[in-house]
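See structure below.
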Amino acid sequence: MNHIARISALLRSALLVMAALMLAFASAASAQQASRQVGGRRAFVNGVDMYYLVQGRGGVPLVLLHGAFSNIQTDFGKMIPTLAKTRQVIAIEQQGHGHTPDIDRPLTYEQMADDVAELLRQLRITRADFVGYSMGGATAMYIALRHPELVRKFVFAGGASYNADGFYPELLEGEKNMKPADFVGTPWLKAYQRIAPHPNDWPRLVTKIRDLDLNWRGLSANQMRSIKAPALIIVGDADVVRPEHVVEMFRLLGGGVPGDLVGLPRSQLAVLPGTTHVTLINKTDWLLSMVPQFLDARPTAVK
């Protein structure tokens with residue numbers, strides 16, 4: 001088996017392992033399925049018939065942004081009931097994901113950030129907190145860069161990186177050969193077939209996510225330093241990103257200082273032990289112990 005074939009096989013094995021891990025949570029997701037439509041709405045946003053969910057009221061609005069191939073319920077279904085007790089939660093399904101149909105344009109972080117900003121404009125929300133998982137975390141970061149007036153604080157959970165150098169090279173190498181068939185039997189494909197307006201569009205989504213990952217060049221250090229919104233970065237210790245890159249990213253966002261001498265920085269970093277990229281979003285108890293505390297804390301002065 002040559003080098004490329006070996007990496008492709010490893011990626012396929014990884015997808016199957018991730019599927020098995022996520023299937024452990026399938027019963028909970030099924031129980032939530034009946035209530036999925038409660039609060040569900042649609043808006044025409046930059047050519048996209050965007051689906052979003054509204055739950056709760058009060059406090060600073062909280063925007064939830066799911067990961068690639070996923071949807072609101074798969075990533076946030078177990079957290080929304082708790083978050084909605086004190087916040088108005090707006091959970092969004094991006095182009096080609098969940099209940100939102102695809103259109104004839106590529107997926108880019110710039111466009112997804114602008115789509116979210118436009119939806120919030122239509123909802124007359126001028127400032128909010130953002131929690132994003134994986135692709136959603138990167139989208140939140142781009143919103144903080146492109147629409148800083150909208151972002152009070154943001155959380156980037158899982159796969160946190162600001163350019164392609166952050167990912168393990170073998171991951172990107174394997175993704176070059178990623179095919180729609182690799183997802184057969186996974187919770188992502190099953191959910192897509194159940195709720196997508198056009199279930200046969202799955203191969204298009206796989207191609208667009210692959211192109212997003214392989215063509216993304218990321219942000220410069222100066223662009224990262226220009227982001228002033230406090231950030232909470234959460235990664236697993238066995239995530240898809242190199243730990244040293246995550247620490248570098250943390251420093252660029254204002255972290256990495258001796259807090260006992262100069263005070264706590266505006267941004268925070270959490271590394272979850274024994275946690276992979278896929279299992280991170282299911283560490284509900286850990287996430288709910290960190291995310292609300294970070295969002296609700298009085299902002300630290302920008303330094």
Pairs where residues 230-241 contributes a residue and the test side chain to side chain donor-acceptor pair (under 3.5 Å) is met, not counting sequence neighbours: Asp239-His277
Path from Phe44 to Ile103 over hydrophobic side-chain contacts below 4.5 Å: no
From CD (Gln88) to CG (Leu83), nearest 0.5 Å: 13.0 Å
Inter- and intrachain pairs under salt bridge (Lys or Arg N to Asp or Glu O under 4.0 Å), touching residues 46-69, at least two apart: Arg42-Asp49
Side chain Thr74, main chain Ser70, donor-acceptor under 3.5 Å: no
Those residues that, when tested against Asp201, pass side chain to side chain donor-acceptor pair (under 3.5 Å) (two or more places apart): none
Sub-4.5 Å side-chain heavy-atom contact between Leu123 and Tyr52: yes
ring-ring contact (aromatic ring centres under 6.0 Å, His included) against Trp216, all qualifying residues, sequence neighbours excluded: Tyr109
Of all pairs that satisfy salt bridge (Lys or Arg N to Asp or Glu O under 4.0 Å), the ones with a partner from residues 250-264, not counting sequence neighbours: none
Leu64 CG to Ile80 CD1 distance, which is reported to the nearest 0.5 Å: 5.5 Å
Single-linkage hydrophobic cluster Val60~Val54, side-chain heavy atoms < 4.5 angstrom: no
Distance in Å, Phe156 CZ paired with Tyr133 OH, rounded so as to fall on 0.5 Å steps: 11.0 Å
Sidechain-backbone polar pair: Gln95 side chain, Arg105 backbone, donor-acceptor under 3.5 Å: yes
Under 3.5 Å: donor-acceptor pair, side chain of Asp182, backbone of Lys179: yes
Test item: Thr100 side-chain N/O and Tyr51 main-chain N/O as donor-acceptor pair under 3.5 Å: yes
Same cluster (ILVMFWY, side-chain, under 4.5 Å), Trp286 and Val131: yes
Partner residues of Phe69 under the ring-ring contact (aromatic ring centres under 6.0 Å, His included) criterion, sequence neighbours left out: Phe183, Trp202
Joint cluster assignment, Leu212 & Tyr192, ILVMFWY side-chain distance < 4.5 Å: yes
Asp211 bridged to Lys208 by N-O distance under 4.0 Å: no
Contacts of type side chain to side chain donor-acceptor pair (under 3.5 Å), residue Asn163, not counting sequence neighbours: none
Separation between OG of Ser289 and NZ of Lys283, rounded to the nearest 0.5 Å: 12.0 Å
Results of side chain to side chain donor-acceptor pair (under 3.5 Å) for Asn222 - residues two or more places apart only: Arg225
Approximate separation, where rounding is to 0.5 Å, of His97 NE2 and Met50 CE: 11.0 Å
Student check: side-chain heavy atoms of Leu189 and Gln193 closer than 4.5 Å: yes
Glu93 (side chain) donor-acceptor with His99 (main chain) under 3.5 angstrom: yes
Within 6.0 Å of CD in Glu110, more than 12 heavy atoms from elsewhere: yes
Residue pairs, two or more places apart or on separate chains, that pass salt bridge (Lys or Arg N to Asp or Glu O under 4.0 Å) and touch residues 116-133: Arg87-Asp129, Glu118-Arg121, Asp129-Arg152
Axial cation check for Phe294 ring with Lys153, 6.0 Å and 45° limits: yes
side-chain contact (heavy atoms from CB on, under 4.5 Å) partners for Ala117, two or more places apart: His147, Leu150
Sequence-distant partners of Arg146, salt bridge (charged side-chain N to carboxylate O under 4.0 Å, His left out), two or more places apart: Asp114
Any donor-acceptor N or O pair under 3.5 Å, side chains Gln94, Asp115: no
Stepwise side-chain contact (heavy atoms from CB on, under 4.5 Å) test for Leu107 and Ile209: CA-CA 7 Å; Leu107 283 175; Ile209 293 296; 3.7 Å; yes
Side-chain (Thr275) to main-chain (Gly236) donor-acceptor, under 3.5 angstrom: no
Minimum side-chain heavy-atom gap His198-Arg204 below 4.5 Å: no
Closest approach of Val63 to Ala128 (non-hydrogen atoms, all atoms of both residues): CG2-CB, 4.0 Å
Those residues that, when tested against Arg210, pass side-chain contact (heavy atoms from CB on, under 4.5 Å) (two or more places apart): Glu175, Met178, Thr207, Leu214
Leu280 and Leu272, any side-chain heavy atoms less than 4.5 Å apart: yes
Interatomic spacing from OH in Tyr142 to CG in Leu65 - rounded to 0.5 Å: 14.5 Å
Aromatic contact, Tyr162 with His245 (centres under 6.0 Å): yes
